[in-house]
Amino acid sequence: MKESTESLNFIEHIIEEDLANGFPQEKLRFRFPPEPNGYLHIGHAASICLNFGLGEKYEAPVNLRFDDTNPSKEEQEYVDAIKRDIAWLGFKWANECYASDYFQQLYDWALQMIKDDKAYVDHQTSEQIAAQKGTPTSPGTASPFRNRPIAESLDLFNRMKNGEFPAGSYVLRAKVDMASPNMHMRDPIMYRIINAHHHRTGDKWCIYPMYDWAHGESDYVEQVSHSLCTLEFRAHRELYDWYLDQIYDPSLLRPKQREFARRNLSYTVMSKRKLLELVQKNIVSGWDDPRMPTISGLRRRGYTPTSIRKFSDLAGIAKRDNVTDVSLLEFCIREDLNQTATRVMAVLNPVKLVITNYPEGQTEILHLENNPEEANSGSHEVPFSRELYIEQEDFKEDGGKNFFRLSLGNEVRLKSAYIIKGESVVKDAAGNILEIHVTYDPDSRSGSGTEASERKVKGTLHWVSIAHAITAEVREYDRLFLDEAPDAHEEKSFMEFINPNSLNVIKKAYLEPFLANATMDSKYQFQRLGYFTLDPDSKNGHLVFNKTVGLKDTWAKQNVQTPTQAQPKPQAPAQPQGQKKALNEIQQIGKKLTNLSGDKLESAINSIKVFAEEVSYEELEALFDTPAKKVGTRIAVMLALGVLLNKGQAKTQAALDFILAGKADENELLRVEAEKLN
RNA sequence: UGACCGAUGGUGUAACGGCAGCACAAGAGAUUUUGGUUCUCUUUGUCUAGGUUCGAAUCCUAGUCGGUCAACCA
């Protein structure tokens, strides 16, 4: 049990309220109900962590129930993968259940419903049924078979079950309300005929229940107290309850459905259909490609169960649409791996370094701390010699004052080894650097305790001894999509946003020999580079490492704008939408203004100016007394005022006062914009 | 032009009528044999307009915006 001081999500509030109203805690029961037609992804993890987390919190059983009511889409392979992923996340289900376990019970209940005149067999095409359904704004019309005699429906239903009819010819429909404003209540289909082999029931059945008919009743059979699903099922709730009404025994627990928002992640897609498309079009190598947001992909990438559970915990559960920033996920894995990963050295883009005053042929064994975050993690041996590889990035002939790495005439520390000084470079005819020549301070060996070893130098580099290094293939990954929400564009397919450079393979990286014994489940930090883990593609003698995530890199951030990241996005559509009032847009953009810089700021300012074209002076004047605290809004109003003045609007006293106040404001941008209006 | 659901910093999420908080992200500094970690500090928010109230993010009304709903999918 967690402490009560912790904040609760709305589901937990509901449970607490039920408990407070006398619902016995021992009757609490949850379930995670995947359809075995695809792999689990990070969005499912939210639901898994919610349901199983509730189980842990309230010491209640959680069933794993496969919603296997459609044999034409579902496969055993997916059942196995789903079980593996949930177990890997560290959750234990109370029972492994299948909706198909309840086919007989469901059939018996359906029979009862026909006898109660609550269901009938329809004999029309799906097009006819769809046409009669009406639209959300107009009621439906009854099927000509709606009042078929009970005995006839009973007979037909029996013959449907016996396989006397072809697929699609007959359906069993609930008799609810064709005029209901809720489309799901307009005589929903309960059973359809499907002639496909079911992964568990084989060929025993040729009629299969629909989701709505199977799901609530399965919850009821399992006595699930709180049936949690995603928001798009909100409209199904009425039907969920209606079906329960038909078969409910008041001495038993009655399940209740609640809906929460599905979890979206930035720079990826989360629907099984789209993920499948990536697999089928060979954009990725499979469901477990390390760039995929699937649980299996994340596992292969090097994510840990701890990190994914932490992510679900931090991201939380609520009812509004969301796109969680992928940086939160990255934070979670860094936090975990920082505590646990073994520190090693590897050079991905090598350049040769020669220590000219180090004896030729000499080798020293030095010691590298396994994990500075863990006191008792010990150390491992790393060989040192006269000729080393360092990263190309770590050397510049003339680095400048902010470059803490190796340059000519400057000193740096070789991690866990000696302090060296850049002396000269050897280049080829084209000017490419072939070798960097340095001298070392023999008294400066790490851990030797000498005065020289304690000297402070600006930078520390990782390195490997050329003679001792082993080689490996290293795969670096970037986000799969260039857009923050690739599937949120109505006019464009998510496929148009695929990042062509999401995979970078380094065929030959040099690693310290310690890594020859790397195992599949160990996690490593290649020092100064990031976290890495072995890929299952590794074979004897050919190591393949996946980069899980880089270290935070404040150096890179100051320097380069990495092309795939931080795509400046306009803060508002270029053309005013017309729907929302231009003034509202200006206020909205203004609020965020002080938080922006560079391209984003410029784009926001331009948007404000565009919207300002449609604003009247009277509207704008009302915003002159915006509180000084809301400086962003004031800047936006100032910008808009500028546009109006340009169009010939006279400077009223109110405008003059507003400009004057702006010129005296603490905020620089506001002052600048106010000055411009003089 | 319907019904239902939703709207709190850049992002995610708390605050059940009583000090708008936490995390990520961003920025500044300190420490550092990883430009990592750690530590300190900072910026940024209740969709709009009314109403109820001593007091509203919270309750009410209206509006705006977003989402969902018309598979023999789940």
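Below, read A as the first sequence line, B as the second, and so on, with proteins coming before strands; counting in each chain starts at 1.
Using a cut-off of 4.0 Å between Lys/Arg side-chain N and Asp/Glu carboxylate O, R237(A) and E259(A) are scored as salt-bridged. Remark: E232(A) engages R262(A) in a salt bridge, criterion side-chain N to carboxylate O under 4.0 Å. Ion pairing of R186(A) with D177(A) is absent here, as no side-chain N (NZ or NE/NH1/NH2) approaches a carboxylate O to less than 4.0 Å. A salt bridge does not link D122(A) to R146(A): none of the charged nitrogens lies less than 4.0 Å from a carboxylate oxygen.
Here L529(A) lies out of heavy-atom contact (under 4.0 Å) with every strand. Using a 4.0 Å heavy-atom cutoff across all strands shown, H215(A) reaches no nucleic acid atom at all. Residue contacts for A318(A): at a heavy-atom cut-off of 4.0 Å it reaches the sugar-phosphate backbone alone, with no base atom in range. Within the 4.0 angstrom heavy-atom criterion, no nucleotide atom of any strand lies near F66(A). As judged by a 4.0 angstrom heavy-atom cut-off over every strand, R234(A) is placed among residues touching the sugar-phosphate backbone only. Within the 4.0 angstrom heavy-atom criterion, base atoms lie near Q124(A). Across all strands shown, T125(A) has heavy atoms under 4.0 Å from base atoms, whether or not it also approaches the sugar-phosphate. Across all strands shown, E35(A) has heavy atoms under 4.0 Å from sugar-phosphate atoms exclusively, and none from any base. If you check every strand for non-hydrogen atoms under 4.0 Å, P372(A) touches a base. Residue contacts shown for S138(A) are absent, as no nucleic acid heavy atom lies under 4.0 Å away. Residue S327(A) is classed as a sugar-phosphate contact, given heavy-atom separations below 4.0 Å to backbone atoms only.
Taking the six-membered ring for Trp and thresholds of 30 and 60 degrees, Y440(A) and Y418(A) have ring planes more than 60 degrees apart, a perpendicular arrangement.
Toward the 5' end of RNA chain B, the nearer of the two residues T324(A) and T460(A), judged by each one's closest nucleotide, is T324(A). Annotation: of the two residues near RNA chain B, N402(A) and D67(A), the 5′-most nearest-nucleotide partner is N402(A).
Between the side chain of Q525(A) and the base of U34(B), at least one donor-acceptor pair of N or O atoms lies under 3.5 Å. Scanning atom types as modelled, one donor and one acceptor separated by under 3.5 angstrom connect the side chain of R343(A) and the base of U34(B). Within 3.5 Å, no donor on the side chain of E259(A) pairs with an acceptor on the base of G6(B), nor the reverse.
The phosphate of A15(B) (OP1 or OP2) has a side-chain N or O of H13(A) nearer than 4.0 angstrom. Dashed line: the shortest gap from a side-chain N or O of R192(A) to OP1 or OP2 of C73(B) is under 4.0 Å. The shortest distance between the side-chain N/O atoms of R528(A) and the OP1/OP2 oxygens of G35(B) is below 4.0 Å. Of the side-chain N and O atoms in T69(A), one or more sit less than 4.0 angstrom from OP1 or OP2 of A74(B). Side-chain nitrogen and oxygen atoms of R320(A) include none within less than 4.0 Å of the OP1 or OP2 phosphate oxygen of U46(B). Of the side-chain N and O atoms in K557(A), none sit less than 4.0 angstrom from OP1 or OP2 of G35(B). Note on K319(A): every side-chain N or O is 4.0 Å or more away from OP1 and OP2 of G67(B). Neither OP1 nor OP2 of G36(B) sits under 4.0 Å from any side-chain N or O of N338(A). Taking only side-chain nitrogens and oxygens, T554(A) comes nearer than 4.0 Å to OP1 or OP2 of G36(B).
Using atom P as the reference point in both G18(B) and C59(B), the two lie 11 Å apart (nearest Å). On the C1' atoms, G66(B) is 25 Å away from C73(B), given to the nearest whole Å.
For A26(B), the paired nucleotide is U42(B), the pair qualifying as Watson-Crick or G-U wobble because both relevant distances are below 3.5 Å.
If you look at Y170(A) and F165(A), their ring centroids are closer than 6.0 Å.
For the pair Y211(A) and A74(B), the ring geometry does not qualify as stacking, because the centroid separation below 5.5 Å and plane angle under 30° are not jointly satisfied. In this structure, F404(A) counts as stacked on the base of G35(B) under the 5.5 Å centre distance and 30° plane angle limits.
Nearest nucleotide to the side chain of K456(A), out of C69(B), U32(B), C72(B): U32(B).
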